[in-house]
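First comes the structure, then the notes that go with it.
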Amino acid sequence: MTERPGSEFRIDHTARENVQFEPGPLDRDAPFYVAGHRGLAGSAMWRRLERAGFTNLIGRSSRELDLTDRAAVFAFFAETQPRYVVLAAAKVGGILANESYPVEFLSVNLQIQTNVLDAALQHRVERVLFLGSSCIYPKYAAQPIREDSLMTGHLEPTNDAYAIAKIAGIMQVQAVRREYGLPWISAMPTNLYGPNDNFSPKGSHVLPALIRRYDEAVQTGAAEVVNWGTGTPRREFLHVDELADACLYLLEHYDGPEQVNVGTGTDVTIREIADTIGKVVGFAGSTVWDSTKPDGTPQKLLDVSRLAEIGWKSAVGLEDGIRSTVEWFRAHRDELTERG
Ligand code: GDP
């Protein structure tokens, strides 16, 4: 009887590997499922794959396919037989949403990813890329955060439930590699922004929240804007089109058990982000900081040297990325504000 790796819970980068695979160009005509293709990361992935000439992309909205419905997910895989999968579907949100709804962030994300990864395993999907988040790393990880700092310390409490779900996903990818020898990989993006982001005032991350808030202040002629926290935390921001480019690059050039950080390698304070957004939207008033709202982790900057070694580097400047995102937001403002 073969022994199952049930007693190991630590993510071990030197774990016994059963994978013999040389990455190379993906088949442009193979069925390619993008889970979460309407979301921020998934929609960027879809655009990138279209641009790269993929002819057989598969996507389902959450109304068409509820990824927490295990039977429906298995039936979908049986019907569509994807050869490649990018798992970009997740329940995501900013600091307040994560702090308020830890049950949903843990449970829904575990269900989605376990269903998709289990179905992908049953159908022996050749290549899977699981997308995580930089919040998987310890709150006080040494900066910039290296991949091997995973599980070396306590998580940031405002998003620990979400982080644990994502860590479970990395483990599942590694477990499939060890037990079944499939060349699946994981990528951990830093804070993302761009088209199709969630711009809702309470649920969103900082960058879309501030774009909406400063833009509204310009519309209404408000003299003052109030942001959350102290403005001193440092964050790294990556345009989502760059994430998608890096993901395709990884699928064609990387194979290994260790999750790969995806970021720019540069961080800014929340205050600097607020100033840049204010400038881009043309806000001339003043900014106040509401320190009764949480700051979250003091700094989140990824070490992207592994990704650079593999051969990918970010090229979009933050101000340019913000400018194009503001343009997108203004073009879609009405439909977005209707959603709340
Ligand atoms: P985090 O990176 O997981 O902490 O998530 P966020 O993107 O939600 O928050 C980043 C930082 O921006 C935190 O220090 C927040 O306090 C700060 N922040 C300032 N104003 C806002 C806002 O309106 N919305 C959000 N989500 N964060 C804000």
Side-chain angles (χ1 to χ4, degrees), residues 40-41 90-102 104-106 109 131-141 143-145 154-167 188-194 197-217 222 224-240 243 261-264 266-278 281 283 285-302 318 321-322 325-326 329 336-337 340:
L40 174 66
K91 180 174 175 57
V92 296
I95 190 163
L96 212 61
N98 267 279
E99 205 180 33
S100 313
Y101 305 109
E104 287 72 15
F105 280 93
L106 181 70
N109 284 319
L131 265 185
S133 154
S134 58
C135 70
I136 59 164
Y137 294 113
K139 173 169 180 151
Y140 295 113
Q143 308 281 328
I145 309 171
H154 292 287
L155 296 167
E156 154 62 32
T158 53
N159 54 31
D160 52 0
Y162 177 77
I164 288 285
K166 289 294 181 183
I167 293 170
M188 296 302 119
T190 191
N191 295 30
L192 300 171
Y193 69 96
D197 207 343
N198 169 3
F199 285 85
S200 90
K202 288 223 171 77
S204 69
H205 282 106
V206 60
L207 203 144
L210 298 195
I211 287 181
R212 178 165 171 172
R213 188 172 301 140
Y214 281 94
D215 180 66
E216 271 172 12
E224 190 181 277
V225 152
V226 183
N227 294 332
W228 304 354
T230 59
T232 57
R234 302 187 69 89
R235 295 288 184 275
E236 177 189 15
F237 296 94
L238 178 73
H239 193 283
V240 72
L243 169 73
N261 290 343
V262 183
T264 63
T266 310
D267 62 355
V268 292
T269 64
I270 299 300
R271 214 174 268 268
E272 286 170 284
I273 271 291
D275 289 347
T276 306
I277 293 172
V281 303
F283 174 70
S286 58
T287 296
V288 175
W289 295 90
D290 173 5
S291 57
T292 64
K293 293 274 197 322
D295 264 344
T297 197
Q299 188 182 20
K300 226 177 346 179
L301 173 63
L302 292 179
L318 185 55
I322 288 176
T325 307
V326 165
F329 172 73
L336 289 166
T337 42

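Indexing begins at 1, ligand by ligand and atom by atom, following the structure's order.
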For [X], is at least one N or O under 3.5 Å away from an N or O on ligand 1?
| X | answer |
| --- | --- |
| N227 | no |
| K300 | yes |
| S204 | yes |
| I95 | yes |
| P294 | yes |
| L210 | no |

Looking at R212 and D215, is any side-chain nitrogen of the basic one under 4.0 Å from a carboxylate oxygen of the acidic one?
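Between R212 and D215 there is no salt bridge, as every charged N stays at least 4.0 Å from the carboxylate O atoms.
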With a cutoff of 4.0 Å, is R213 in contact with ligand 1, counting heavy atoms of the residue only?
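Judged by the 4.0 Å heavy-atom criterion, R213 does count as contacting ligand 1.
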Using a strict cut-off of 4.0 Å, indicate which atoms of ligand 1 neighbour a heavy atom of [X].
| X | answer |
| --- | --- |
| N191 | 2 (O) |
| P233 | 14 (O) |
| A209 | 22 (C), 23 (O), 24 (N) |
| G94 | 8 (O) |

Under the criterion side-chain contact (heavy atoms from CB on, under 4.5 Å), I'd like the reasoning laid out for N227 against R213: C-alpha separation, chi angles, the key distance, then a yes or no.
CA-CA 9 Å; N227 294 332; R213 188 172 301 140; 2.8 Å; yes
Identity of the nearest option to atom 2 (O) of ligand 1, non-hydrogen atoms only, from H205, R212, R271, R235
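Nearest heavy atom to atom 2 (O) of ligand 1 lies in R235.
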Could you name the option among I273, T190, D295 that has the heavy atom nearest to atom 13 (C) of ligand 1?
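That would be D295.
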Between H205 and Y193, does the ring centroid distance fall short of 6.0 Å?
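Ring-ring flag for H205/Y193: false, centres at least 6.0 Å apart.
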For ligand 1, the portion of I270 having any non-hydrogen atom under 4.0 Å away
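It is the side chain that touches ligand 1; the backbone stays farther off.
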For ligand 1, note which part of N159 has a heavy atom under 4.0 Å away: side chain, backbone, both or neither.
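The answer is the side chain of N159.
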Tell me the closest heavy-atom pair linking [X] and [Y], and the distance in Å.
| X | Y | answer |
| --- | --- | --- |
| P189 | G132 | CD-O, 3.3 Å |
| Y137 | I145 | CG-CG2, 3.3 Å |
| G194 | V240 | CA-CG1, 4.2 Å |
| T297 | R235 | O-NH1, 2.8 Å |

Residue and atom name of the nearest protein heavy atom (relative to atom 18 (N) of ligand 1), distance in Å to one decimal
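It is V206 CG2, 3.5 Å.
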When you measure from atom 22 (C) of ligand 1 to every protein heavy atom, which one gives the shortest distance, and what is it?
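The answer is W228 CD2, 3.4 Å.
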Side chains of [X] and [Y]: does their closest heavy-atom pair fall under 4.5 Å?
| X | Y | value |
| --- | --- | --- |
| T232 | D295 | yes |
| P157 | K139 | yes |
| Y214 | V225 | yes |

Check whether the side chains of D267 and Q299 place a donor and an acceptor atom closer than 3.5 Å, and report yes or no.
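The answer is yes; a qualifying pair exists.
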